Amino acid sequence: MSDIIAELQWRGLVHQSTDEARLRELLNAESRTLYCGFDPSADSLHVGSLIPLLMLRRFQRAGHRPIALVGGATGMIGDPSGKSEERNLLSEEVLRENVAGLEQQMRLILDFDDAAAPAALVNNYDWMRGWSYLEFLRDVGKHFPVSVMMAKDSVKSRLERDDAGISFTEFSYMLLQAYDFAHLHREDGCLLQIGASDQWGNITAGIDLARRMSGAQLYGLTCPLLTKSDGSKMGKTESGTVWLSPRRTSPYAFYQYWINVDDADTGNCLRMLTEVERDEIEALDAARAADPGKRESQKRLAEELTRLVHGEDGLRAAQRATEIFFGAEIREFSDAQLGEIFADVPSCELPRERLAGDGLNLVDALVEAGLAKSKGEARRTIGQGGAYVNNRRTEGVETQLTASDLASESVMVLRSGKKKYALLRFVD
RNA sequence: GGGGGGUUUCCCGAGCGGUCAAAGGGGUCAGACUGUAAAUCUGAUGGCACAGCCUUCACAGGUUCGAAUCCUGUACCCCCCA
């Protein structure tokens with residue numbers, strides 16, 4: 001067994017741990033089972049869930065058996081940790097769809113067919129739905145001193161706020177998650193729960209419960225929340241969360257997100273989010289210090305993560321789109337290719353007749369495409385050299401666009417400024 | 001209840017009865033530079049059929065050849081006194 005704890009430590013992935021020395025011994029002695037819970041409040045995971053999910057993968061690679069738990073039951077209640085407000089409850093149906101979405105993504109990261117230590121996916125709804133309220137109170141609730149529950153940060157911070165408070169439902173959340181751990185220990189011999197640092201309270205609650213119910217000694221390990229050097233959360237852009245699902249965040253946008261990571265954050269990201277070896281990461285650190293402009297680290301980071309989440313094809317598509325977005329003239333593409341590359345770009349449809357005769361005036365085209373709010377603005381943009389047709393700078397307010405300006409069968413690519421694109425589709 | 005001050009273009013804010021589409025700053029947008037960065041520099045920034053025309057300065061009226069600027073009323077905001 002390789003020393004997984006040492007590996008996690010140098011990567012900066014250990015935030016808190018219960019009895020680390022003992023845990024290390026146990027993990028190094030033989031293959032163990034561990035789990036991490038994921039919240040099904042959306043049908044896709046986002047960048048923030050990537051660290052814990054990759055942690056499971058790291059454990060699996062070190063020979064341990066990971067269980068990914070989706071909180072079908074706990075998702076119905078809402079985890080108060082890290083939330084400042086009471087959560088809106090999700091319907092069972094939405095929850096079911098979300099769980100299915102998460103499952104798909106977990107299959108990308110974890111190996112469910114490994115011969116020695118296959119990953120498993122469980123849904124706590126499966127064992128939670130059978131409980132009656134009375135039974136649960138008697139068998140589980142009995143082990144929770146309210147004074148301890150009140151002392152948890154997640155609860156305390158909510159009670160201290162004048163404008164929030166906490167419902168009994170969310171207050172009870174901890175019992176459910178604690179029970180998960182006890183349950184997985186009994187059924188699967190699960191020994192360790194991992195999670196982000198905001199899960200510490202829930203994890204220790206589980207450890208306490210298992211000890212009280214069966215005298216078992218379980219372990220917990222948390223990783224830091226991924227934040228940028230300025231303290232803000234990783235994985236957010238102006239346009240919103242960076243998701244793993246290609247339907248929500250295209251491979252191109254995903255790739256670009258990592259390409260644009262700040263120099264100061266790149267080292268951490270490489271350590272915490274990739275499986276690049278220590279030597280290479282340190283070489284990249286040195287290269288970055290010497291010539292930050294080359295951005296080798298960012299490229300490596302984007303490549304690793306895009307390949308992991310979107311596969312080899314997704315990576316290639318993202319890289320090709322990148323070339324186009326920042327590079328050469330667009331000529332002789334097919335509608336399908338352009339559609340793929342410009343998946344995130346707004347488009348609008350115009351009748352094909354607009355290209356006939358004198359054609360379509362560039363000023364009007366920019367307005368139609370939404371790249372200018374008024375014709376005046378369009379003229380200004382053109383006059384200042386900020387208008388591009390198929391990535392070729394086009395000057396002259398009088399320019400008329402005709403069928404010969406199409407980049408593919410029916411699409412014309414307009415651009416204003418450095419990277420604001422819009423497509424015009426000419427339909428019959 | 002009494003007295004005073006305010007309401008300007010995306011935001012802050014200057015505006016003499018004509019030369020005001022309205023200073024200045026911020027933001028935004030383009031350009032140069034650059035690392036698809038930061039900083040910096042340059043230009044632009046109500047609309048249009050663009051040497052012209054149209055619509056803006058809380059709202060409605062009025063005075064005037066002419067009003068963002070003066071008067072009256074209305075609404076909202078702020079301050080002081082009770």
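In what follows, chains are A, B, ... by sequence order, proteins preceding strands, each numbered from 1. Not measured: the values here are computed from a predicted model.
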Roughly, in whole Å, what's the span from [atom1] in [X] to [atom2] in [N]?
X	N	atom1	atom2	answer
A/Y388	B/A30	OH	C1'	9 Å
A/L301	B/A37	CG	P	17 Å
A/Q319	B/U36	CD	P	16 Å
A/K294	B/U36	NZ	P	13 Å
A/K299	B/A37	NZ	P	13 Å
A/D265	B/A38	CG	P	14 Å
A/Y255	B/U36	OH	P	12 Å
A/N260	B/U34	CG	C1'	14 Å

Check every strand shown and say whether [X] touches a base, only sugar-phosphate, or nothing at a heavy-atom separation below 4.0 Å.
X	answer
A/K419	base
A/G386	sugar-phosphate
A/R393	sugar-phosphate
A/E377	nothing
A/R380	sugar-phosphate
A/K420	sugar-phosphate

Under 6.0 Å between the ring centres of A/Y388 and A/Y421?
no
Centroid-to-centroid, A/F342 to A/F325, below 6.0 Å?
yes
By nearest heavy atom, map A/V261 and A/R379 onto RNA chain B; which one lands nearer the 5' end?
A/V261
Taking for each residue the nucleotide of RNA chain B with the nearest heavy atom, is it A/V367 or A/Q298 whose nucleotide lies nearer the 5' end?
A/Q298
Give me the distance, rounded to whole Å, that separates [N] from [M] when you measure between the [atom1] atoms they each carry.
N	M	atom1	result
B/U7	B/C57	C1'	10 Å
B/C16	B/U69	P	11 Å
B/C80	B/G25	P	34 Å
B/G18	B/G66	P	14 Å
B/A75	B/A67	P	26 Å
B/G13	B/G26	P	15 Å
B/A23	B/G15	P	13 Å
B/G24	B/U42	P	14 Å

If the cut-off is 4.0 Å, is A/K373 near the phosphate of B/U45, judged by side-chain N/O to OP1 or OP2?
no
What about A/D291: does its side chain form a donor-acceptor pair under 3.5 Å with the base of B/G35?
no
For [X] and [Y], does a side-chain donor sit closer than 3.5 Å to a side-chain acceptor?
X	Y	result
A/Q256	A/T322	yes
A/S408	A/Q337	no
A/T33	A/D188	no
A/Q193	A/Q177	yes
A/N124	A/T74	yes

Mind checking whether A/K419 and A/R415 have side chains closer than 4.5 Å, heavy atoms only?
no
Are A/D43 and A/R247 side-chain neighbours, meaning at least one heavy-atom pair lies under 4.5 Å?
yes
Minimum heavy-atom distance A/G71-A/P40, with the two atoms named:
O-CG, 3.2 Å
Please identify each residue that fulfils side-chain contact (heavy atoms from CB on, under 4.5 Å) with A/D114, with sequence neighbours left out.
A/Q60, A/D111, A/A116, A/A117
May I ask you to say whether A/R58 pairs ionically with A/E275, meaning some side-chain N is under 4.0 Å from a carboxylate O?
no
Between [options], which nucleotide has the shortest distance from any of its atoms to the side chain of [X]?
X	options	value
A/S374	B/U36, B/G35, B/G47	B/G47
A/S416	B/A30, B/U36, B/U34	B/A30
A/K418	B/C33, B/C48, B/U36	B/C33
A/R295	B/G31, B/A30, B/G35	B/G35
A/Q384	B/G35, B/C48, B/G43	B/G43

In B/S/- notation (B base, S sugar-phosphate only, - none; protein heavy atoms under 4.0 Å), nucleotides 21-26 of chain B written 5' to 3' is ------
Given Watson-Crick or G-U pairs with both distances under 3.5 Å, what dot-bracket string fits RNA chain B, with | for other-strand pairs and [ ] for crossing?
(((((((..(((.....[.....)))((((((.......))))))(((...)))...(((((..]....)))))))))))).
